[in-house]
Amino acid sequence: MKRIILTGALGQIGTELTVKLREIYGEDNVLATDIKEPVDSPLEGKPFETLDVTNYEEMERIAREFKADTIMHLAALLSATCEKNPHLAWEINMGGLVNALEVARNLNLQFFTPSSIGSFGPSTPKDQTPQTTIQRPVTMYGVNKVSGELLCDYYYEKFGVDTRGVRFPGLISHVREPGGGTTDYAVEIYFEAVKNGKYTSFIDKGTFMDMMYMDDAIQAIIDLMEADADKLEDRNAFNVSKLSFDPEILAESIRRHYPDFELSYDVDPVRQGIAESWPNSIDSSEAKRQWGFDAKFDIDKMTDTMIEAIKKKI
Ligand code: AKB
């Protein structure tokens with residue numbers, strides 16, 4: 001990995017991943033792309049191209065001119081947004097993915113794209129969900145993610161494209177906030193705790209979902225992409241997670257800093273329904289065994305880091 005192009009680089013993962021990749025591989029070896037220009041972003045003023053991922057010709061031209069050897073395809077709509085507009089979700093999530101895979105095939109690029117805990121459904125085992133198990137999601141996002149995992153496997157088996165992927169849980173970060181996701185409450189809660197000392201959660205008490213701090217997610221992507229291909233028995237997609245909590249447990253962690261922090265509920269039936277169709281916790285042992293996945297942030301370390309960073313930011 002030394003000439004890397006990213007799609008969806010202004011998103012929650014892309015922003016921090018681009019910064020980290022530039023630290024490792026050099027600024028000029030990492031080209032960020034997104035459908036909009038960077039404004040108030042750490043990517044402003046750095047190598048950047050606007051790109052609509054549904055436009056194959058543009059994607060291929062940009063990758064070819066940049067002489068990329070790797071493509072990291074991050075552009076996608078998240079779960080709650082997909083439920084609002086399922087046809088648009090199919091067009092962007094699947095159309096963009098097929099284009100990125102075709103660019104990888106035609107230009108011989110290494111390929112990464114994230115899947116999600118959203119690829120699981122109500123009939124999936126709920127606790128310590130294995131990597132290989134029942135995947136019958138009931139959301140458009142989940143349908144996109146399972147199809148994407150299979151398509152990436154197909155491109156590896158059929159065309160020899162070096163595709164690699166993980167299933168991310170909810171990712172917690174402060175640099176760029178997520179939008180349109182079901183796990184977003186676990187980011188909003190920190191900003192509201194610091195700003196107002198209280199938060200109204202759209203996810204109900206007792207709803208457990210997998211979560212991970214962004215630094216661990218970024219390290220996982222880099223480690224998987226650098227992993228020796230001979231060691232990978234699987235490709236798409238590895239379960240990776242560190243934490244499983246409900247809103248009450250997260251609030252307790254926040255109360256170590258703000259003892260009077262108030263948590264109330266105004267449950268959104270759409271996002272609650274999505275959350276209930278996902279696992280409580282997934283098993284990341286295959287990622288550990290095959291390429292050394294090792295997340296470091298426990299819930300309190302994550303809370304300390306988030307609160308410190310948000311205080312500085314606001
Ligand atoms: C979402 O909530 O949609 C995402 C995800 C878990 O894939 N954060």
Side-chain angles (χ1 to χ4, degrees), residues 8 10-17 72-86 88-90 92-94 96-97 112-122 124 126 129 131 135 137-149 152 165-191 201-204 207-214 216-218 220-221 236-247 250 267-282 284 287 295 302 306:
L10 297 179
Q12 190 201 9
I13 302 175
T15 303
E16 292 194 50
L17 180 59
M72 296 191 168
H73 177 59
L74 306 173
L77 302 183
L78 293 185
S79 52
T81 309
C82 290
E83 281 321 285
K84 279 194 199 133
N85 201 338
L88 182 69
W90 184 268
I92 294 179
N93 290 1
M94 297 314 296
L97 178 62
F112 172 83
T113 200
S115 183
S116 159
I117 52 169
S119 67
F120 297 119
T124 301
K126 278 261 172 222
T129 305
Q131 183 158 295
Q135 287 181 281
V138 290
T139 63
M140 177 49 88
Y141 183 64
V143 171
N144 294 168
K145 288 299 182 190
V146 177
S147 311
E149 291 179 7
C152 290
V166 293
R167 289 188 192 121
F168 275 138
L171 298 180
I172 317 286
S173 68
H174 54 82
V175 177
R176 179 82 166 80
E177 288 178 60
T182 301
T183 55
D184 294 7
Y185 91 86
V187 176
E188 289 174 12
I189 195 171
Y190 283 113
F191 280 87
S201 174
F202 59 80
I203 292 295
D204 208 358
T207 310
F208 282 75
M209 285 185 278
D210 285 278
M211 304 279 176
M212 186 156 68
Y213 188 59
M214 184 60 84
D216 285 333
I218 301 291
I221 296 173
N236 310 284
F238 286 94
N239 280 3
V240 290
S241 184
K242 173 73 176 170
L243 308 167
S244 167
F245 53 72
D246 83 328
L250 192 51
V267 174
D268 167 15
V270 174
R271 285 178 285 186
Q272 182 63 27
I274 296 173
E276 283 173 13
S277 77
W278 291 355
N280 297 328
S281 65
I282 60 171
S284 312
M302 176 174 82
M306 283 293 286

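Each ligand, and each atom within it, is numbered from 1 in the order the structure gives.
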(message) Side chains of Val166 and Phe112, heavy atoms from C-beta outward: is any pair under 4.5 Å?
(response) yes
(message) Within ligand 1, which atoms have a heavy atom of Ser116 less than 4.0 Å away?
(response) 5 (C), 6 (C), 7 (O)
(request) Could you check atom 3 (O) of ligand 1 against the protein and tell me its nearest heavy-atom contact, residue, atom and distance included? (result) Ser79 OG, 2.5 Å
(request) Using a strict cut-off of 4.0 Å, indicate which atoms of ligand 1 neighbour a heavy atom of Gly181. (result) 1 (C), 2 (O), 3 (O)
(message) Looking only at protein heavy atoms, which one is nearest to atom 2 (O) of ligand 1, and what is the separation?
(response) Thr182 N, 2.7 Å
(request) For Thr139 and Gly118, work out which heavy atoms get closest and say how close. (result) OG1-O, 4.4 Å
(request) Name all residues meeting the ring pair (Phe, Tyr, Trp, His ring centres under 6.0 Å) criterion together with Phe168; count only those two or more places apart in sequence or in a different chain, and write none if there are none. (result) none
(message) Could you tell me, atom by atom, which parts of ligand 1 come under 4.0 Å of a heavy atom of Leu78?
(response) 3 (O)
(message) Show the atoms of ligand 1 that are less than 4.0 angstrom away from any heavy atom in Trp278.
(response) 1 (C), 2 (O), 3 (O), 6 (C)
(request) Check whether any side-chain heavy atom of Leu171 sits under 4.5 Å from a side-chain heavy atom of Pro169, and report yes or no. (result) yes
(request) Considering heavy atoms of the protein only, find what lies nearest to atom 8 (N) of ligand 1 and give residue, atom and distance to 0.1 Å. (result) Thr183 OG1, 2.8 Å
(request) Could you tell me whether some N/O pair between Asp184 and ligand 1 is separated by less than 3.5 angstrom? (result) no
(request) Tell me, please, which residues at least two apart from Arg176 pass salt bridge (charged side-chain N to carboxylate O under 4.0 Å, His left out). (result) none
(request) Would you please classify the geometry between the Tyr185 ring and the Phe245 ring as parallel, tilted or perpendicular, with 30° and 60° separating the classes? (result) perpendicular
